[in-house]
Every structure is written in structure tokens, then in C-alpha cells.
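The structure under discussion appears below in the form of C-alpha cells.
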Amino acid sequence: MAARKGIECPTWRPRSKLTSELQLHLCGSIFTLDKELLALKSAKIAKLLQKSPHDDLSLQLRDIPADQESMELVGRFCHGFEINLSTENVVRVACVAQYLGMTESHCPNNLINTALLFFEHHIIPSWNNSIKALKSAENVLQQAVQLGLVDYCVESIISKVLDDPRLLGEPIKNSISDDDSDENENAYRPNARRKLFDINWKSEDLSTLSLRLYAPIIQAMVQRNVPQEYVVANLCQYAKTWLFSNDKVGDDTPNYKRNSQREMVEALVKLLPNQRGIVPCKFLFEMLQFAVALDANAECKNGLETRIGKQLDQASVNDLLIPSQGYAKDEKYDTECVRRILKNFYCNYTGPDPCGLNSVAELIDEFLAEISVDIDLKISTFIALADMSVAASTGTQRSSDGLYRAIDIYLDKHRHLTESERDELCRVLDCNKLSDEACEHAAQNERLPIRVVVQVLFMSQLKLRESIPKEVQGPESRLLKVEEEEGDRKREEEVRAEIEKMGSKVWELERECHVMRREIERGSVRRQKMSMWKEMKRKLGCMTSMHDCNCHVKKKKVHPG
């Protein structure tokens with residue numbers, strides 16, 4: 001047999017006395033085989049020759065599942081030469097042999113039996129060889145499935161993972177599942193003998209397989225109760241290999257590539273477990289960004305948002321910075337997506353203590369501070385997110401400093417806001433929960449509305465009064481303790497009345513400030529108009545004296561009678 005391109009190359013085989021030849025066009029090359037020798041091993045060829053001995057058989061073999069290497073080995077086998085089977089070619093050779101009917105019933109010691117024996121002894125027992133054999137079956141997958149070779153490889157891989165899940169990779173540590181307790185001492189460890197005696201041994205990774213092979217294997221592992229943390233570790237590695245390692249998805253990304261990546265994202269999301277804390281939050285956000293950029297289906301994006309919502313307290317502010325997609329988006333970041341995630345978190349939160357709620361509230365404050373520099377960020381969007389932060393920390397002693405910082409940044413970057421808009425923005429701020437440093441800064445902040453500044457000053461006075469000790473207890477004061485306790489009630493009532501009186505004064509002061517501001521503005525306008533009028537009269541020569549009110553009317557002299 002020989003392969004030729006255009007002109008037949010010299011053959012390596014001895015010519016038989018028979019002159020009949022079969023030419024096959026494979027992968028741009030022409031393979032020439034002897035029909036009679038091939039018919040001795042192939043039941044299919046023998047049947048075709050018996051039926052139509054003079055027809056061109058190449059037309060009837062156009063769908064042969066062969067490439068150059070596998071067809072070369074078939075030719076060598078038919079001509080009696082020794083063939084070298086390997087992990088990379090045995091599946092394809094077996095598929096060609098099956099197609100040609102090279103079975104034991106047609107000829108003893110035939111090719112299909114030889115290939116299957118090699119597969120049984122060299123592929124099935126080995127993790128690496130099973131994965132390599134699967135990879136080599138990509139182009140003949142349908143035939144390999146019918147022959148049962150794919151199922152054998154998959155079963156071999158799963159059985160080995162059940163014995164040693166670390167073949168899938170080390171579990172990813174996170175804030176929930178990771179701990180240093182003694183329970184981890186019994187966790188799976190690498191095979192010591194393998195490390196000692198197989199120095200060059202390197203585990204093949206399932207992430208090298210195509211999606212149509214990889215997804216069924218992972219599904220089977222989940223059904224066979226392989227530990228979820230190891231399955232997740234492998235899923236993360238697969239996404240890193242096929243998605244995250246590539247360039248960011250953009251408008252210039254080819255459609256075929258976008259479709260392939262979209263299919264991959266949707267398939268991987270279906271494989272992710274729903275249990276809280278198993279999948280790292282950062283990985284979920286990365287998947288969500290790809291799902292949004294690739295316009296994945298609603299089920300995919302909703303599934304990711306729900307998973308993230310269950311463990312949002314583990315996220316960082318950088319995770320929330322999801323870029324907006326499409327020309328219709330004015331804002332830089334996808335705030336609507338963040339709001340949906342927050343709703344999912346609040347709906348699914350069942351923690352006994354408010355620590356998780358406070359963590360998410362602080363996360364929102366940091367997120368608001370980051371996105372406030374966006375000049376296109378709408379004030380309604382800011383207020384909606386701020387309301388969620390306030391609602392999450394209701395009833396707790398959490399400071400409002402983070403929210404105040406975000407408001408200050410927003411006011412600084414959006415100086416075009418009107419007085420009413422600034423008042424509306426600051427409505428979400430609770431001055432009672434500001435620290436002393438924040439109060440000191442707010443009292444001198446010219447960007448804040450007057451009402452807020454007055455409230456801050458008022459609260460500062462109250463804090464100052466409460467911080468002054470009511471009494472200094474000494475040895476003599478202990479003797480008067482009973483009498484002082486009786487006077488506490490009267491003092492409390494007096495303080496409460498004074499606070500109410502001061503509150504009314506504050507509101508009155510605020511009203512007066514507004515009135516003064518309007519008067520000042522009106523006065524400046526009036527002075528400006530008067531100065532312009534005087535200047536005009538001066539230029540026209542109508543100015544006579546400081547007492548003249550009208551240049552057109554002369555005063556009559558009044559003589560004493």
C-alpha cells in the first residue's frame with residue numbers, strides 16, 4: 001500500500017501476482033490497496049467483490065471512518081506486516097476494523113480482535129490511557145460508542161475517581177468548606193507508591209476532553225456520588241482551560257466562537273451543584289460575566305444569580321463590578337443584575353445572627369463607593385441600592401460611615417444636582433449612626449444640604465452631652481446613691497424636654513437658613529440689576545446727583561411765600 005498526492009508514490013509492499021487495486025481518497029491522500037488481500041481480512045470487501053467484482057469500490061467506501069494513520073495500519077495488517085498499536089490510534093483502528101468487518105468469524109486472528117485485546121490490557125487499567133484514548137476518538141465518536149469503547153473508558157475513569165477523587169484535582173478552598181480541623185486528616189491523599197516509583201507519572205486532566213465527552217462523564221460522576229468538592233474543582237479547571245484563558249468576549253468575536261462558548265457556559269452551569277459554599281463565589285461571578293457577555297439563555301443566568309445570592313456574604317466588591325452590555329446601557333456597570341442578586345440573598349438568608357446581613361450591607365456600601373464615580377449613574381439607582389443596604393442593617397448598631405462615604409463621592413462627581421436632588425440622595429443617611437470622625441467631616445462638608453449639616457451638628461451635641469459623666473463617684477458619693485437615684489427620673493424628664501425644645505429650634509433654624517438663602521439670592525440679583533441700570537444712565541448722561549430719581553423730571557424750586 002502507498003499514499004500518494006496526485007501521483008502515486010512507490011509502494012513499500014511487495015507486489016502480488018494479482019493486479020486488482022483499490023484506491024481510497026482520505027484526507028487529501030490516495031491509498032492504494034490490493035482488493036484480493038483486503039478481501040481475505042474484510043468481510044465487507046469480500047461481499048462487495050462477490051456482488052460486483054469490476055465496480056469501483058471506492059465510491060461505496062466513502063463513509064469509511066478512517067484517517068491516514070489508521071488506514072496505513074489496516075493496509076500493513078492486510079499485507080502481513082506487524083503493526084504498532086498505541087493509546088492514540090487503537091480506538092480509530094478498531095472502528096475501521098469494525099466497519100470493514102475484520103472479525104474472527106471471517107478470518108482467525110483478525111484486526112478487530114487484536115485491537116480489542118490491546119484496548120483491554122493497555123487502556124482500561126490506566127487513567128491516563130483511558131483519557132488519551134477518549135481524546136483520540138473525537139473524529140470517530142459515533143462508531144466508538146456503537147463499539148462500546150467509549151463506555152469502557154468512561155467506566156474506567158469513574159471507578160478510579162471513586163477510589164481516589166484527587167485525580168480530579170485539589171478541592172478549592174473557600175470560607176465555608178475550608179477548615180483546619182482534624183477531620184481533614186482522613187481526607188484523600190496522593191498515592192505514595194505512585195509518587196515513589198513513578199517519577200515521571202503525570203495525571204491526565206479531564207479538562208482536555210471536548211464538551212460532548214466531558215459533560216456526560218461529569219453527570220455520571222455526580223450520579224455515582226463522587227464528592228462534590230472534587231467535581232467542582234474539575235469544573236473550575238475546565239472553565240479556566242476553555243473559557244477564562246481566552247480573550248474577553250467582544251463585538252469582534254466570531255459568531256462560531258461565541259456560539260461554542262455560549263453552549264459551554266450553559267452546559268457547565270447545569271453541572272454545578274446548588275449547595276451553598278461548594279462553588280467559590282469568585283468563580284460564579286466569572287461565569288456570570290461570560291453568560292451576560294455571550295447572551296446565554298435565561299435559565300443559565302438566573303441559575304448563576306440564584307447560586308450567588310445564596311452566598312453573597314462571601315463575595316468581594318470587585319466581583320460585583322459586572323460591566324454593562326449593549327448599546328442601550330448608559331451606566332458603566334450592570335446594577336440591575338446586582339439588585340437581583342441582592343434580592344435573592346435576602347429571600348434565601350436564614351442565618352441566626354445578623355453577621356451575614358451586615359457583611360452584605362458593607363459590601364453594598366463599598367460597591368456604591370466604587371460605582372459613584374460613574375457620571376452616568378442615575379440617582380434613582382443609587383438610592384435603590386442604598387435602601388437595600390439600610391434595610392439589611394435595620395435593628396443593628398452598624399455604622400453609616402460607608403454609606404456616607406459613597407454619598408460624598410457621588411455628590412463630588414455629580415455637582416450638577418439640584419438642592420432637592422441632594423436632599424433626596426441624603427434621605428437614606430442615618431446621622432445617628434455616624435462615627436465622630438464622620439460627623440466632624442460632615443459638619444464641614446459644603447456638598448451636603450444644609451438640613452443634613454444641621455442634623456449632624458445637633459447629633460454631635462447630643463453625643464457630647466451623653467459622653468460627659470453625670471457624676472463622679474467617690475467614697476462619699478456611695479452614701480448618697482439612694483438619694484441620687486430618686487433625682488435621676490427628674491433629670492431624665494428635663495433632658496427629654498430640652499431635647500424636644502432643641503429639636504424644634506433646629507427645624508426653625510433650618511427654615512430660617514432657607515429663607516436667608518433665598519433673600520441673599522434675591523438681593524444679589526436686585527443689586528446686579530440696579531448696578532446695570534445706573535451704569536446705563538451714566539453712559540446716557542442722565543446721572544445728576546445721588547438724590548436724582550428720574551432724569552426726565554426736573555424738580556421745581558419752591559419759594560417761600
Side-chain angles (χ1 to χ4, degrees), residues 91 123-124 126-172 174 177 188 203-244 259-280 283-284 286-288 290-291 294 296-308 310-311:
V91 174
I123 304 300
I124 299 301
S126 169
W127 165 269
N128 282 0
N129 289 346
S130 296
I131 295 178
K132 290 178 180 178
L134 273 180
K135 289 168 60 178
S136 69
E138 288 287 346
N139 295 330
V140 291
L141 187 58
Q142 183 178 355
Q143 292 78 11
V145 170
Q146 293 175 354
L147 201 54
L149 301 182
V150 172
D151 290 339
Y152 279 116
C153 288
V154 171
E155 182 60 31
S156 171
I157 290 171
I158 295 176
S159 63
K160 290 175 177 58
V161 168
L162 289 172
D163 293 336
D164 185 4
R166 290 205 173 192
L167 289 168
L168 295 177
E170 292 291 335
I172 301 176
N174 55 68
S177 61
Y188 295 98
S203 174
E204 282 287 327
D205 196 347
L206 285 177
S207 62
T208 58
L209 298 176
S210 66
L211 183 62
R212 60 176 179 171
L213 285 172
Y214 179 79
I217 293 176
I218 296 298
Q219 288 176 343
M221 287 184 181
V222 173
Q223 294 174 356
R224 299 279 287 276
N225 296 323
V226 173
Q228 288 187 340
E229 57 269 26
Y230 293 96
V231 174
V232 169
N234 202 264
L235 286 169
C236 292
Q237 180 60 36
Y238 194 86
K240 180 179 179 181
T241 301
W242 293 94
L243 288 174
F244 303 157
N259 294 336
S260 175
Q261 291 181 329
R262 184 190 304 113
E263 179 185 358
M264 186 171 296
V265 169
E266 293 173 354
L268 293 181
V269 170
K270 290 181 180 179
L271 296 172
L272 291 174
N274 290 314
Q275 184 177 346
R276 166 182 160 86
I278 292 293
V279 185
F283 173 78
L284 291 174
E286 288 178 322
M287 291 290 289
L288 179 58
F290 270 86
L294 294 168
N297 59 43
E299 180 184 1
C300 174
K301 290 185 283 190
N302 292 340
L304 285 169
E305 290 177 2
T306 302
R307 286 180 173 89
I308 293 173
K310 291 180 179 180
Q311 55 190 65

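In this text, all values refer to a predicted model and were calculated from it rather than measured experimentally.
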Query raised in the report: When you look at E305 and K301, which way does the salt bridge (Lys or Arg N to Asp or Glu O under 4.0 Å) test go after all the steps?
Result: CA-CA 6 Å; E305 290 177 2; K301 290 185 283 190; over 6 Å; no
Heavy atoms of I123 and N129 approach each other most closely as CG2-O, 3.8 Å
Polar side-chain atom of T208 near backbone of D205 as donor-acceptor pair, under 3.5 Å:
yes
Do W127 side-chain atoms and E204 backbone N/O form a donor-acceptor pair below 3.5 Å?
yes
Checklist entry - For the residue pair F283 and F244, does the interplanar ring angle fall in the parallel (under 30°), tilted (30 to 60°) or perpendicular (over 60°) class? => result perpendicular
R262 side chain to L294 backbone, donor-acceptor under 3.5 Å: yes
- Message: Is it true that, when you exclude E263 itself, more than 12 heavy atoms of the residues, nucleotides or ligands shown sit nearer than 6.0 Å to its CD?
- Response: no
So CD of E229 and CD of E170: to nearest 0.5 Å the spacing works out to 11.0 Å
Q. Got L235 and Y214 here, is their nearest side-chain heavy-atom distance under 4.5 Å?
A. yes
Can you find a heavy atom in the side chain of C153 that is under 4.5 Å from one in the side chain of V91?
no
**OP:** Could you check K270 against E299 for salt bridge (Lys or Arg N to Asp or Glu O under 4.0 Å), going step by step and ending with a plain yes or no?
**Re:** CA-CA 9 Å; K270 290 181 180 179; E299 180 184 1; 5.0 Å; no
Going through the checks in order, is the side-chain contact (heavy atoms from CB on, under 4.5 Å) test met by I158 and L162? CA-CA 6 Å; I158 295 176; L162 289 172; 4.2 Å; yes
Check your understanding: Considering only heavy atoms from C-beta outward, does the side chain of L284 approach that of L272 to under 4.5 Å?
Key -> yes
Taking every heavy atom of Y152 against every heavy atom of I124, the minimum-distance pair comes out as CB-CD1, 3.6 Å
Within the distance-only criterion (no hydrogens, no angle test), does the side chain of R212 pair as donor or acceptor with the backbone N or O of L141 below 3.5 angstrom?
-> no
- Message: One thing to verify: whether K160 and E155 come together as a salt bridge, which I'm taking to mean a side-chain N less than 4.0 angstrom from a carboxylate O.
- Response: no
Exercise. Can you find a pair of side-chain heavy atoms, one from L209 and one from L206, that are under 4.5 Å apart?
Worked result: yes
Check your understanding: Is there side-chain contact between I157 and L134, with heavy atoms separated by less than 4.5 Å?
Key -> yes
So OG of S207 and CD1 of I131: to nearest 0.5 Å the spacing works out to 9.0 Å
Answer yes or no: is there a side-chain heavy-atom contact under 4.5 Å between V154 and P216? no
One should read off an interatomic distance between I217 CD1 and N234 CG, to the nearest 0.5 angstrom, of 9.5 Å
Correct closest heavy-atom pair for G169 and Y230 would be O-CD2, 3.3 Å
Judged by atom type as modelled, is there a donor-acceptor pair below 3.5 Å linking the side chain of S130 to the main-chain atoms of S156? no
To the nearest 0.5 Å, atom CD of Q261 lies from atom CG of L243 at 6.0 Å
N297 backbone acceptor or donor facing E266 side chain under 3.5 Å: yes
Should V232 and P171 count as side-chain neighbours, where that means a heavy-atom distance under 4.5 Å? no
Original post:
Any side-chain heavy atom of F290 sitting closer than 4.5 Å to one from M264?
Top reply: no
Could you walk me through whether K310 and N274 satisfy the side-chain contact (heavy atoms from CB on, under 4.5 Å) test, starting with their C-alpha distance in whole Å, then the side-chain angles of each, then the deciding distance to 0.1 Å, before giving a yes or no? CA-CA 9 Å; K310 291 180 179 180; N274 290 314; 4.3 Å; yes
If only atom types and distance count, is the side chain of Q311 paired as donor or acceptor with the main-chain N or O of G277 below 3.5 Å?
yes
For this session: Report yes or no: does W242 contribute a side-chain atom to a donor-acceptor pair with the main-chain N or O of L211 at less than 3.5 Å?
Result: no
